[in-house]
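We use all heavy atoms of the structure for the numbers below, so side chains are in, but hydrogens, waters and symmetry mates are not. Throughout, protein chains are lettered first and strands after them, A, B, ... in sequence-line order, and every chain is numbered starting at 1.
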There are 2 protein chains.
Amino acid sequence: MMSSTLRIKPPAPQVVNEQLAQADALCRERGSNLTPLRRQVLELVIRQGRPVGAYDLLDSLRTQGRGSSPPTVYRALEFLQQEGLVHRLPAQNTYMACSHPHHHHRGLIFTCSRCGQALELETPDLFGMLEDYARPHGFEISDDSLEISGVCPFCQEASRDAR
Amino acid sequence: MMSSTLRIKPPAPQVVNEQLAQADALCRERGSNLTPLRRQVLELVIRQGRPVGAYDLLDSLRTQGRGSSPPTVYRALEFLQQEGLVHRLPAQNTYMACSHPHHHHRGLIFTCSRCGQALELETPDLFGMLEDYARPHGFEISDDSLEISGVCPFCQEASRDAR
DNA sequence: TCATGTAATGTTATAGTATTACATTACGTT
DNA sequence: AACGTAATGTAATACTATAACATTACATGA
């Protein structure tokens, strides 16, 4: 993972707390169990403000005094994904907080292959189109987000500067 | 990887040969170097008729008497991807032959999370829409295919039967 | 011819990502 | 108290991918 960017700041503590409160509310409504451990992992993901690798999360957990091993973080991430609180980005093997867990919009996520930064969009037409393509083949979509890789504007600029 | 399906047969030898001939032609045109090793890997991918893992390819290479190690197959796959002959499916860590390497259409690939089977479609509108979403954010798309996970009709049926 | 440069491949080791399997704990219900 | 279930702890291992360096093959020009 070890790539980083200074361009995007981590969210302000207040924003983090809002997102956590929203997660609390959602899970309470649904009767799902946002345990302290799961909540702690979610907080780490949210604070990051960008996609983060599972083993980075594991390091953070250890720093925070949790006796942790890979299954700890993978299980928490699995739960958080089921609840729609976290997206997995398969092309980068990373995880990021969902930016609108309250609606059930399925989103599009652009990830930069240079710096790893990600941008989640609400794309009202996209999944409808995908369903239209899928239907005639009897295929049932289960992904709730779609990752597409490319180059973010900052890294494009960096390329130009290098030349 | 080790999942399998009997529903989709591997392509007939004749089809395999056509696809290989097409790859030969494409690379000749472009002046790119489809070496025996790369061609052998491509053939393995094509014969499979479905997504394959890199280490499965490695095993096959060894069976065929190539003294091979991971970099061998990963390097070949990298070349084949650059040439648009093979797609990587990040959600499954697999590789599959592109079904239309001659046009430069960027395609949509449905993958079944149960059986691993994949279906590549030509989707005339899709990447245009994605570009439209990306443009206002200055994001430049580099993926040439989009993987989306779900459940194929056969596995849906299997689920119903199980109940 | 033969030096030299470059692309491709070989080889060893290691890094990075994820899961299996089994033990333990916490806690609610009978 | 006994039991069942969900969650977590722990050790081991499987799976995926890359780094680093050596070697080979072959084209080109001195």
Next on the checklist: If you go through the side-chain atoms of B/Tyr74, does one of them form a donor-acceptor pair with the base of D/dA19 closer than 3.5 Å?
Outcome noted: no
Checklist entry - At what distance, to the nearest 0.5 angstrom, does CD of B/Glu83 lie from SG of B/Cys98? => result 12.0 Å
Checklist entry - Atom CZ of B/Arg38 and atom OG1 of B/Thr72: how far apart are they, to the nearest 0.5 Å? => result 11.5 Å
Checklist entry - Hey, are A/Arg135 and A/Glu131 close enough for a salt bridge, meaning a charged N less than 4.0 Å from a carboxylate O? => result no
Checklist entry - B/Leu58 has an atom CG; how far is it from atom P of C/dT9, in whole Å? => result 15 Å
Polar-atom pairs under 3.5 Å, protein N or O versus N or O of nucleotides 6-8 of chain D: list them with distances, or write none.
from  : atom 1 : to      : atom 2 : distance (Å)
D/dA7 : OP1    : A/Asn33 : ND2    : 3.4
D/dA7 : OP1    : A/Arg38 : NH1    : 3.3
D/dT8 : OP1    : A/Thr35 : OG1    : 2.5
D/dT8 : OP2    : A/Arg38 : NE     : 3.4

Checklist entry - Among side-chain atoms of B/Ser159 and B/Arg114, is any donor-acceptor pair under 3.5 angstrom? => result yes
Checklist entry - Which of these passes side chain to side chain contact (heavy atoms under 4.5 Å, CB included) with B/Val86: B/Val41, B/Ile46, B/Val52, B/Val45? => result B/Val45
Checklist entry - According to a strict under-4.0 Å criterion, is A/Asn93 in side-chain N/O contact with OP1 or OP2 of C/dA18? => result yes
Item to check | Rounded distance [0.5 Å steps], CG in A/Leu119 versus CD1 in A/Ile109 | outcome: 9.5 Å
Checklist outcome for this item: note: B/Tyr95, atom OH; D/dT16, atom P; distance rounded to Å ~ 9 Å
Checklist entry - Do other residues, nucleotides or ligands put more than 12 heavy atoms under 6.0 Å from B/Arg106 CZ? => result yes
Next on the checklist: Angle between the end axes of the helix from C/dT1-D/dA30 to C/dT30-D/dA1, five pairs per end, to the nearest 10 degrees?
Outcome noted: 0°
Item to check | Distance, rounded to the nearest Å, where A/Gln92 contributes CD and C/dG16 contributes C1' | outcome: 14 Å
Item to check | Interatomic distance where CG belongs to A/Asp56 and P belongs to C/dA15 [whole Å] | outcome: 16 Å
Checklist entry - Rounded to the Å, how far apart are A/Leu77 CG and C/dT19 P? => result 10 Å
Item to check | Whole-Å distance separating the CD atom of B/Gln64 from the C1' atom of C/dT9 | outcome: 17 Å
Checklist outcome for this item: Between CZ of B/Arg62 and C1' of C/dT11 the distance, given in whole Å, is 11 Å
Checklist outcome for this item: Rounding to 0.5 Å, atoms CE (A/Met96) and CD (A/Gln48) come to a distance of 11.0 Å
Checklist entry - Ring stacking, B/Tyr55 with base of D/dC15, under 5.5 Å and under 30°? => result no
Next on the checklist: If we check side chain to side chain contact (heavy atoms under 4.5 Å, CB included) with A/Asp144, which of these qualifies: A/His87, A/Arg88, A/Gln82?
Outcome noted: A/His87
